[in-house]
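Following: one structure in structure tokens, then a few remarks.
For the numbers below, each heavy atom of this structure counts, side chains included, while hydrogens, waters and symmetry mates do not. Order of the sequence lines fixes the chain letters, A, B, ..., with proteins taken first and strands second; residue numbering starts at 1 for each chain. Given the structure is predicted, the values throughout are model-derived calculations rather than measurements.
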Amino acid sequence: MDGAHDMGGMHGFGPVAVPGGELPYHERWEPRIFALHLLTGFEGLGAGPGGRQTREEMDPAGYLAASYYERWTWSAEQRLLRKGTIAPGEVEAMMARLAAGEAAPEHEDPAMSRRVVERLQRRAPMDPPPADARFAAGDRVRVRRMRPQGHTRCPRYVRGATGTVERVHGADRLPDLTTYGEPARPEPVYSVAFASPDLWGPSDEPPFTVLLDLWDSYLEPT
Amino acid sequence: MDGAHDMGGMHGFGPVAVPGGELPYHERWEPRIFALHLLTGFEGLGAGPGGRQTREEMDPAGYLAASYYERWTWSAEQRLLRKGTIAPGEVEAMMARLAAGEAAPEHEDPAMSRRVVERLQRRAPMDPPPADARFAAGDRVRVRRMRPQGHTRCPRYVRGATGTVERVHGADRLPDLTTYGEPARPEPVYSVAFASPDLWGPSDEPPFTVLLDLWDSYLEPT
Amino acid sequence: MSAGHHHERPASEAELRARALEALLVERGLVSTDAIDAVVSYYEQDVGPQNGARAVARAWLDEAYRGRLLERPGDALAELGFGGMEGHNMTVVANTPAVHNVIVCTLCSCYPWPVLGLPPSWYKSEAYRARVVAEPRAVLREFGLELAADVDVRVWDSSAEVRYLVLPMRPPGTGELAEEQLAARVTRDCMIGTAVP
Amino acid sequence: MSAGHHHERPASEAELRARALEALLVERGLVSTDAIDAVVSYYEQDVGPQNGARAVARAWLDEAYRGRLLERPGDALAELGFGGMEGHNMTVVANTPAVHNVIVCTLCSCYPWPVLGLPPSWYKSEAYRARVVAEPRAVLREFGLELAADVDVRVWDSSAEVRYLVLPMRPPGTGELAEEQLAARVTRDCMIGTAVP
């Protein structure tokens with residue numbers, strides 16, 4: 001999905017260093033919706049594409065207008081609606097109750113607390129790199145041109161560009177397929193280095209290197 | 001400038017055919033701001049990059065949130081402010097007067113009316129193609145990779161792609177320079193045809209052809 | 001007619017701002033109300049798809065004119081009195097049984113004003129600009145136009161100062177029709193390429 | 001502490017919607033207030049840049065640990081008790097006099113939670129995601145970091161499941177410092193690559 005979230009290289013967003021930028025969030029509801037989003041995943045309360053993939057489905061104007069945690073709120077709600085955990089209109093009804101001054105309900109479940117922290121700590125590394133990976137360190141590769149309708153991890157700014165494999169990270173299933181529950185076999189994921197002129201042409205800055213982690217399916221030999 | 005206006009290939013904008021889409025505009029202020037924008041240009045009341053180039057400078061969220069004629073309103077105002085024809089705050093002051101019910105002023109100038117229609121009708125074709133154009137019909141060319149900070153007519157979706165010159169349209173100065181008053185010599189503008197798989201990779205649709213008009217500076221030999 | 005009269009609902013912020021710009025310049029005598037009216041009227045009354053349709057009908061009836069329209073479109077359109085802003089460098093692209101043409105401007109909203117007037121809202125929409133260069137058949141299908149799989153769809157992105165006009169194929173069963181009747185068959189969308197006559 | 005108490009100003013639409021989602025699920029017993037508190041507290045109290053800083057300081061003091069951190073980062077971080085979600089596949093990239101590393105996620109906001117906690121707002125901003133892969137020196141300059149022209153800036157876009165941590169160079173004049181004192185010199189931004197110790 002080539003949406004507003006695919007931002008590498010875009011202009012017009014202004015400076016990076018702005019007042020307040022150092023903090024991870026500014027209001028108490030922000031870490032709470034983050035936590036709630038994780039919990040809905042862990043507890044199986046949502047359905048369909050994950051939070052990240054769901055946020056990419058926001059319409060572009062809405063995506064750019066929303067704050068970071070507004071996007072998380074949106075994706076949490078969409079996933080809950082898809083599963084049927086909540087029904088259309090229920091959020092608005094609860095908003096009205098809270099706006100009218102009703103106290104937020106509370107519910108304690110220490111077992112769930114232990115479960116979620118355990119889940120945050122669990123380790124789950126990628127498979128090791130396959131012995132028969134198509135490319136090896138030092139190989140020149142070209143990123144395929146593509147316009148995937150759905151989720152992808154191949155940003156627009158590297159498509160068609162030529163780079164050099166630095167290493168094989170490991171094996172992983174293609175998110176372009178797994179996001180939608182489609183079958184996918186583990187395939188090599190490479191670290192590919194691009195010289196900046198091969199991405200952006202001439203620039204005011206001295207040349208630099210951009211490295212991306214790219215699935216085998218995104219690449220072709222030069 | 002790689003901003004939100006560079007839309008070729010992007011997802012998430014929904015259907016094309018929507019109710020009301022057949023009309024050029026829906027409210028009376030819309031053709032009037034269009035006309036006013038043309039007049040400010042003809043009468044030399046604005047300064048700096050033109051309307052189109054100015055609209056590209058809107059921040060991306062603002063660009064996508066705005067309607068078509070809201071963007072024109074924005075660029076007209078920016079150009080008038082740059083020239084000093086209006087001063088900061090004057091628009092808001094006039095908005096307050098109009099909102100309070102004051103009648104809009106009127107002013108007649110039949111000579112200006114004649115002048116503007118004459119200007120709309122004036123013909124001003126491009127220079128003929130130069131005899132020594134670098135490429136000729138049938139030549140394979142590659143579009144340079146680039147990330148111009150300013151205005152360009154080379155959309156992101158063709159950069160790095162290979163196509164075939166169909167014809168040499170004529171000679172024109174590079175808008176990437178002329179927009180900012182920088183000197184530019186007329187150079188060939190080519191019609192370049194791209195096979196859809198060379199832009200987008202595999203697709204659900206049968207292959208098709210996309211043709212763009214590209215200045216010589218955007219191209220390199222394959 | 002000036003803006004600002006007879007509003008039946010409160011003006012939106014956008015409308016108010018546009019009207020304020022006009023009011024500021026008019027109040028100072030920098031632009032005139034009648035000059036604005038003249039531009040609006042020019043594209044509502046004088047210039048529009050009826051121009052392009054006339055050229056198309058003429059080309060259907062007159063092989064020599066068709067040749068001129070494709071070879072020297074600026075001159076051929078000038079013969080009919082058409083030309084001017086956003087039409088300085090016209091290219092006319094002819095549909096054939098093997099080729100269907102569509103025009104777009106992905107970066108902006110470039111359009112051949114002298115022969116088609118001002119573009120419809122959908123032509124300026126994000127959706128059209130984004131999609132027609134990447135999935136033209138899906139877009140044409142929204143307009144009810146289904147092309148055979150072996151037709152080469154050619155999408156012209158007006159990225160420079162050239163403006164395009166599609167010359168559609170003459171529909172069968174129109175052998176008896178005069179120029180004016182033929183022109184009536186040629187809609188704006190036929191000359192953009194999202195419809196056929 | 002649950003949301004919804006002690007608001008000093010009217011809640012925004014965004015806040016109200018987020019609180020309503022929590023309230024709906026809590027009311028039905030599908031999530032618990034304390035589980036939400038536990039996640040928030042985990043990333044505010046237990047996990048943050050202090051973790052990464054400890055690994056960096058250890059690497060500065062212990063060549064063997066440095067070797068393990070670069071070769072088998074997952075295991076080396078686990079030695080210190082660090083690991084978990086968004087850190088399953090760590091890669092540690094070392095700055096040298098010739099190389100300066102910076103991390104980003106242009107498509108999303110991927111970040112090595114177990115060693116850095118939750119990312120600062122600027123890391124998630126459109127501006128950072130758009131610019132650091134295309135004009136890294138201009139971005140670093142905004143953070144007050146000016147690199148020599150011959151340094152190879154390597155920008156790591158976390159496009160897959162690998163998460164990155166920058167191992168900065170040990171600053172001169174720190175020969176006497178113990179691990180804890182060294183760790184105090186290592187800010188979060190040093191491990192993203194927008195600062196140096």
**Item:** Those residues that, when tested against D:Ser159, pass side chain to side chain contact (heavy atoms under 4.5 Å, CB included) (two or more places apart)
**Value:** A:Leu212, A:Asp213, A:Leu214

**Fill in**
When the 4.5 angstrom heavy-atom criterion is applied to A:Glu90 and chain D, the contacting part is both

**Message:** Using heavy-atom distances under 4.5 Å, tell me whether D:Tyr111 contacts chain A through its side chain, its backbone, both, or neither.
**Reply:** neither

**Cationic N near anionic O, under 4.0 Å, D:Glu126 to A:Arg71** = yes

**Message:** Is there a side-chain contact between D:Leu21 and A:Leu80 in this structure, where contact means two heavy atoms from C-beta onward sitting under 4.5 Å apart?
**Reply:** yes

**Item:** For the student: nearest non-hydrogen atoms of D:Leu16 and A:Ala99, plus distance
**Value:** CD2-CB, 3.8 Å

**D:Ser41 versus chain A, the contacting section by heavy-atom distance below 4.5 Å** = neither

**Side-chain (D:Ser121) to main-chain (A:Leu23) donor-acceptor, under 3.5 angstrom** = yes

**Message:** Is it the case that over 12 heavy atoms from other parts of the model lie below 6.0 angstrom from the CZ atom of D:Arg72?
**Reply:** no

**Fill in**
Given A:Glu205, A:Met112, A:Glu108, A:Arg122, the one with more heavy-atom pairs under 4.5 angstrom with chain D than any other is A:Glu205

**Request:** Quick one: which of D:Gly87, D:Pro136, D:Ser125 has the most heavy-atom pairs under 4.5 Å with chain A, could you say?
**Result:** D:Pro136

**Item:** Greatest number of heavy atom pairs closer than 4.5 Å to chain A - which of D:Ser32, D:Ser109, D:Gly84, D:Gly83
**Value:** D:Ser32

**Asked** Is there a side-chain contact between D:Arg137 and A:Pro206, using heavy atoms and a 4.5 Å cut-off?
**Response** yes

**Message:** Given heavy-atom pairs under 4.5 angstrom as the criterion, report whether the side chain, backbone, both or neither of A:Val91 touches chain D.
**Reply:** both

**Message:** What part of D:Asp189 gets within 4.5 angstrom of chain A, counting heavy atoms only: side chain, backbone, both, or neither?
**Reply:** side chain

**Complete:** Checked D:Val40, D:Val102, D:Val99 vs chain A; the most non-hydrogen pairs under 4.5 Å come from D:Val40

**Any side-chain heavy-atom pair of A:Glu166 and D:Arg154 under 4.5 Å** = yes

**Prompt:** Could A:Glu22 and D:Arg188 be called an ion pair, given the rule that one side-chain N must be under 4.0 Å from one carboxylate O?
**Reply:** yes

**Asked** If you measure from CZ on A:Phe34 to OH on D:Tyr43, what distance do you get to the nearest 0.5 Å?
**Response** 5.5 Å

**Request:** Count the heavy-atom pairs under 4.5 Å between each of D:Ala130, D:Ala38, D:Ala134 and chain A, then report the option with the highest count.
**Result:** D:Ala130

**Prompt:** If you round to the nearest 0.5 Å, how far is CD of D:Glu86 from CG of A:Leu120?
**Reply:** 10.5 Å

**Message:** Quick check for you: to the nearest 0.5 Å, what is the distance between D:Leu107 atom CG and A:Arg55 atom CZ?
**Reply:** 12.5 Å

**Prompt:** Quick one: does A:Met126's side chain get under 4.5 Å of D:Val162's, heavy atoms only?
**Reply:** yes

**Message:** Walk me through whether D:Lys124 and A:Tyr25 qualify under side-chain hydrogen bond (donor to acceptor under 3.5 Å, both in side chains).
**Reply:** CA-CA 11 Å; D:Lys124 302 174 283 190; A:Tyr25 36 75; over 6 Å; no

**Item:** Best-contacting candidate, A:Leu45, A:Leu64, A:Val189, A:Thr40, against chain D by heavy atom pairs under 4.5 angstrom
**Value:** A:Leu45

**Asked** Does the side chain of D:Arg129 reach to within under 4.5 Å of the side chain of A:Met10, using non-hydrogen atoms?
**Response** no

**Message:** Please classify the contact of A:Trp74 with chain D as side chain, backbone, both or neither, using a heavy-atom distance under 4.5 Å.
**Reply:** neither

**Asked** A:Tyr157: what forms a ring-ring contact (aromatic ring centres under 6.0 Å, His included) with it, not counting sequence neighbours?
**Response** A:Trp200

**Complete:** Scanning both residues in full, the closest heavy-atom pair of A:Met95 with D:Ala20 reads CG-CB, 3.5 Å

**Prompt:** Minimum heavy-atom separation for A:Phe208 to D:Glu135, with atom names?
**Reply:** CZ-N, 4.3 Å

**pair D:Met85-A:Leu38: side-chain heavy atoms closer than 4.5 Å** = yes

**Rounded distance [0.5 Å steps], CZ in A:Arg32 versus CD1 in D:Ile36** = 5.0 Å

**Message:** Once rounded to the nearest 0.5 Å, what's the spacing between atom CH2 of A:Trp29 and atom OG of D:Ser12?
**Reply:** 6.0 Å

**Fill in**
Counting heavy-atom pairs under 4.5 angstrom with chain A, the leader among D:Ala149, D:Pro114, D:Gly29 is D:Gly29

**Contacting region of A:His169 [heavy-atom separation from chain D under 4.5 Å]** = side chain

**Asked** What part of D:Pro119 is in contact with chain A, defined as an atom under 4.5 angstrom from a non-hydrogen atom: side chain, backbone, both or neither?
**Response** backbone

**Request:** Heavy-atom pairs under 4.5 Å with chain D are the metric here; pick the option from A:Glu92, A:Arg114, A:Glu43, A:His11 that has the most.
**Result:** A:Glu92

**Asked** OG1 of D:Thr33 to NE2 of A:His107: how many Å apart, nearest 0.5 Å?
**Response** 7.5 Å

**Request:** Tell me, with the steps shown, if A:Arg52 and D:Cys110 meet side-chain contact (heavy atoms from CB on, under 4.5 Å).
**Result:** CA-CA 10 Å; A:Arg52 168 189 185 152; D:Cys110 299; 3.4 Å; yes

**Prompt:** Which answer fits A:Ile33, side chain, backbone, both or neither, if we ask what part of it has an atom under 4.5 Å from a heavy atom of chain D?
**Reply:** side chain

**Request:** Please flag which part of A:Asp172 lies under 4.5 Å from any non-hydrogen atom of chain D: side chain, backbone, both or neither.
**Result:** side chain

**Asked** Between A:Thr73 and D:Ala18, is there a donor-acceptor pair closer than 3.5 Å when you use the side chain of the first and the backbone of the second?
**Response** no

**Request:** Taking the six-membered ring for Trp and the full ring for Phe, Tyr or His, determine whether the centres of A:Phe194 and D:Trp156 are under 6.0 Å apart.
**Result:** no

**Enclosure of A:Arg167 CZ (heavy-atom neighbours >12, cutoff 6.0 Å)** = yes

**Request:** Report yes if some heavy atom in the side chain of A:Leu98 is under 4.5 Å from a heavy atom in the side chain of D:Arg17; otherwise report no.
**Result:** no

**Item:** Partner chain D: residue of A:Glu56, A:His26, A:Arg115, A:Arg97 with the largest heavy-atom pair count (under 4.5 Å)
**Value:** A:Arg97

**Request:** Identify the two heavy atoms, one from A:Pro155 and one from D:Asp157, that lie closest to each other, and give their separation to 0.1 Å.
**Result:** CG-OD2, 4.2 Å

**Message:** For chain D, which candidate among A:Gly170, A:Gly20, A:Gly3, A:Pro24 shows the most heavy-atom pairs at distances under 4.5 Å?
**Reply:** A:Pro24

**Asked** Under 4.0 Å between a Lys/Arg side-chain N and an Asp/Glu carboxylate O for A:Arg123 and D:Asp75?
**Response** yes

**Prompt:** Contact part of D:Tyr128 toward chain A, heavy-atom cut-off under 4.5 Å: side chain, backbone, both or neither?
**Reply:** both

**Prompt:** Which heavy atom in D:Ala127 sits nearest to a heavy atom in A:Pro15, and how many Å separate them?
**Reply:** CB-O, 3.5 Å

**Prompt:** Can you tell if the side chain of D:Glu161 reaches within under 4.5 Å of the side chain of A:Arg153, non-hydrogen atoms only?
**Reply:** yes

**Request:** Tell me, for A:Pro110 versus chain D, whether the close heavy atoms (under 4.5 Å) come from the side chain, the backbone, both or neither.
**Result:** both

**Request:** Grab the two heavy atoms, one from D:Arg131 and one from A:Val16, that are nearest each other, plus how far apart they are.
**Result:** NH1-N, 3.7 Å

**Request:** Go through the atoms of A:Ser191 and report whether side chain, backbone, both or neither lie under 4.5 Å from a heavy atom of chain D.
**Result:** side chain

**Whether D:Asp34 side chain and A:Ser113 backbone form a donor-acceptor pair below 3.5 Å** = no

